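None of these values were measured; they are calculated from a predicted model. In listed order, ligands and their atoms are each counted from 1. Just so you know, residue 1 is the first one in the sequence shown, and it goes up from there.
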Amino acid sequence: LRNTNALSNHTFPTWFKFGAATASYQVEGAWNEDGKGENIWDRFTHRNSSRIKNHANGDVACDSYHKYKQDVQLLKQLGVDFYRFSISWSRILPTGYPDQVNKAGAQYYKNLIKELKANNIEPYVTIYHWDLPQPLQEIGGWLNDKLVDIFAEYARTLFSLYGNDVKHWFTFNEPRQICYEGYGIGEKAPGLKLPGTGPYKCAHVLIKSHAKAYHVYQENFKEKQGGKLGMVVDTDWYEPATSHPLDREAAERTLQFRWGWYVHPLVFGNYPKIMIERVARRSKLEGFEVSRLPTFTSEEINYIKGTFDFLGFNQYSTSLVKHRPEPEIGIPSYDNDMGTFIYRDPTWERGASDWLYVVPWGIGKALKWIKSNYGDPEIIVTENGFSDHDGTLEDYKRIDYLQSYLSSILDAIHEDGVKVTRYTAWSLMDNFEWYSGYTEKFGLFHVDFQSKHRTRKAKKSVDFYRNVIKSRKLNKCNSKTDS
Ligand code: GBH
């Protein structure tokens with residue numbers, strides 16, 4: 001399947017901006033330098049190294065803690081308008097608690113932001129990209145309601161430290177990965193396996209934490225600093241496997257369980273109706289006294305509703321969904337509550353990550369779906385990208401991927417009027433890909449992890465992306481397969 005045959009002829013409007021992204025634990029290294037505290041990914045990789053490919057960890061990663069000036073030059077070479085990076089909570093507040101700011105850690109991000117501004121690149125900041133301070137895990141992590149206040153105070157610290165320069169804030173990156181993979185199936189830190197309760201409780205605390213951070217910004221900073229804040233939620237596009245009504249219903253339900261779970265509360269104040277119903281019904285049959293899905297009070301509903309200025313959206317792939325007969329009542333789990341079959345078409349082209357299938361039309365459908373079901377919000381595509389194993393500099397497959405996804409986004413803007421205002425390529429450079437270690441490479445720039453210098457080198461996709469940004473359109477000649 002080639003996706004380059006129907007490239008959009010539209011151009012990116014002048015207000016549309018381009019960026020590239022990374023996250024603290026995946027690139028910074030310097031895991032115990034200058035007063036930084038231990039976080040759950042330090043702990044998870046050090047104590048459970050067998051759960052990571054080749055026992056890898058982020059102790060050094062791309063060494064961006066020491067090489068941020070080089071990183072800014074890479075961004076400059078790309079010609080991007082902004083850089084989306086995340087802040088390591090334990091660098092700023094080594095214990096996680098907002099009692100004492102670690103000066104050296106705070107200074108690192110001051111330096112990075114200053115360097116970005118000096119090069120005309122806007123800093124876009126993710127407040128939490130998965131690296132919770134370990135002491136907060138000791139009290140239960142995102143299962144503990146206390147995190148709501150603690151997170152809001154951490155966010156307040158960042159607004160006061162950096163808010164004069166940072167105008168785009170994202171509270172959480174991909175809450176479903178935090179809660180489902182971290183507290184449900186245990187593939188990500190902290191590695192807990194509580195499939196029927198962990199994800200829901202975690203999500204409940206995250207959503208309240210997000211809302212509180214939004215209000216803190218609104219009440220104390222917004223007027224003076226004039227920035228905007230949102231959450232980053234990811235989802236595959238879920239396409240019904242057939243046009244059968246039950247398959248359509250199953251696809252919609254999957255979108256609600258995976259994406260609506262977080263965005264429905266932000267837009268409407270509460271979880272999707274279908275989630276509330278299904279989890280309550282199954283909980284009852286399983287003998288629980290109350291639903292495993294926690295409930296918001298009406299006060300909380302009002303407090304949460306509308307707490308976003310834009311929606312951050314990550315998408316890499318698409319899946320097919322089939323109706324699944326009601327799973328038997330047995331082990332309570334989020335997956336049984338959702339109750340659908342999810343799979344991929346084996347003829348689709350693939351990246352190196354086992355979940356990454358190249359389906360560019362999926363992003364267009366997803367954007368339209370968001371527009372029509374969630375009140376036509378501003379959408380920032382906060383991540384999209386392609387992985388390979390070898391990290392080749394001749395990365396024509398990445399170029400094809402980026403080109404076809406950008407094309408689908410362009411059509412969504414011009415033909416469907418979706419308010420997508422920004423695109424962010426994942427990732428600026430090859431980095432630590434969580435449990436896959438360094439074996440799946442998403443970078444526009446190659447990083448030599450064998451060398452202590454962590455030398456960066458431009459791949460062909462750098463030229464491609466720079467060209468798109470400069471010309472504001474897609475050009476057939478950019479791709480090798482077409483030339
Ligand atoms: C993002 O995760 C992260 O934000 C980033 O840190 C990471 O490096 C990057 O993308 C690349 O992975 O349907 O059960 O098969 C994206 C993680 C993983 C989200 C696969 C959707 C589908 C799981 N994605 N997942 S499943």
Side-chain angles (χ1 to χ4, degrees), residues 19-28 41 52-53 56 58 61-62 64 84-88 124 126-131 170-182 184-189 195 199 231-239 250-251 254-255 257-259 261-262 312-322 333-335 338 340-345 348 350-359 362-363 366 380-389 398 401-402 405 424-444 447:
T22 62
S24 48
Y25 188 77
Q26 296 180 272
V27 300
E28 284 179 4
W41 274 92
I52 316 277
K53 282 261 174 66
C62 306
S64 287
R84 174 178 173 242
F85 61 95
S86 82
I87 288 183
S88 162
Y124 282 28
T126 311
I127 297 174
Y128 185 82
H129 200 123
W130 307 356
D131 41 3
F170 307 101
T171 51
F172 291 99
N173 178 71
E174 300 193 351
R176 197 184 86 93
Q177 318 304 318
I178 301 168
C179 294
Y180 174 76
E181 297 193 356
I185 57 172
E187 277 187 355
K188 292 202 165 109
M231 196 196 272
V232 172
V233 186
D234 72 293
T235 185
D236 271 22
W237 171 248
Y238 293 103
E239 179 74 10
T254 306
L255 285 164
F257 263 79
R258 297 215 161 166
W259 198 80
W261 186 11
Y262 298 94
F313 181 52
N314 291 357
Q315 180 165 104
Y316 291 84
S317 197
T318 280
S319 301
L320 298 172
V321 185
K322 260 193 111 43
S333 82
Y334 165 94
D335 286 317
M338 180 166 65
T340 59
F341 283 125
I342 300 174
Y343 63 104
R344 278 106 180 180
D345 182 334
W348 288 339
R350 303 185 61 170
S353 314
D354 58 13
W355 46 267
L356 206 167
Y357 287 69
V358 183
V359 193
I363 201 164
I380 297 183
V381 175
T382 32
E383 281 179 35
N384 174 246
F386 179 81
S387 59
D388 54 35
H389 283 303
R398 177 166 295 103
Y401 178 99
L402 294 173
Y405 272 74
T424 319
W426 183 273
S427 175
L428 175 60
M429 59 193 150
D430 296 340
N431 59 49
F432 178 78
E433 178 56 22
W434 310 110
Y435 55 72
S436 301
Y438 296 95
T439 64
E440 292 170 17
K441 299 171 191 296
F442 281 88
L444 300 170
V447 176

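Only the side chain of Arg258 comes within 4.0 Å of ligand 1, counting heavy atoms alone; its backbone N, CA, C and O stay farther away. Neither the backbone nor the side chain of Asn431 comes within contact range of ligand 1; no heavy atom lies under 4.0 Å. Contact annotation for Asn173 and ligand 1: only side-chain heavy atoms (C-beta onward) come within less than 4.0 Å of the ligand.
Protein heavy atom in closest approach to atom 21 (C) of ligand 1: Asp234 OD2, 3.7 Å. Protein heavy atom in closest approach to atom 17 (C) of ligand 1: Glu174 OE1, 3.6 Å. Of all protein heavy atoms, the one closest to atom 11 (C) of ligand 1 is Glu433 OE2, 3.3 Å. Looking at atom 18 (C) of ligand 1, its nearest protein heavy atom turns out to be Trp355 CE2, 3.5 Å.
Relative ring orientation between Tyr25 and Trp41 is described as tilted, the plane-to-plane angle lying within the 30° to 60° band. The aromatic rings of Phe386 and Tyr401 lie tilted to each other, with the angle between the two planes from 30° to 60°. Using cut-offs of 30° and 60° on the angle between ring planes, the pair Trp130 and Trp434 is tilted.
The pair Glu383-Arg84 counts as a salt bridge, with a side-chain nitrogen and a carboxylate oxygen less than 4.0 angstrom apart.
For ligand 1, one of its N or O atoms has an N or O atom of Tyr316 under 3.5 Å away. For the pair Trp434 and ligand 1, the shortest N or O to N or O distance falls below 3.5 Å. The shortest N/O to N/O separation between His129 and ligand 1 falls below 3.5 Å.
Here the two rings, on Phe442 and Tyr316, have centers that are under 6.0 Å apart.
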**OP:** Give the C-alpha distance, both sets of side-chain angles, the deciding distance and a yes or no for side chain to side chain contact (heavy atoms under 4.5 Å, CB included) between Arg258 and Ile342.
**Re:** CA-CA 12 Å; Arg258 297 215 161 166; Ile342 300 174; 3.7 Å; yes
Subject >> ring pair (Phe, Tyr, Trp, His ring centres under 6.0 Å) evaluation trace for Tyr180 with Trp261 >> reply: CA-CA 12 Å; Tyr180 174 76; Trp261 186 11; 7.8 Å; no
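The residue from Glu383, Glu181, Arg344 that puts a heavy atom closest to atom 26 (S) of ligand 1 is Arg344. Distances from atom 14 (O) of ligand 1 to the heavy atoms of Glu440, Gln26, Lys188, Arg176 put Arg176 nearest.
Atom CD1 of Ile52 and atom CD of Glu433 lie 11.0 Å apart (nearest 0.5 Å).
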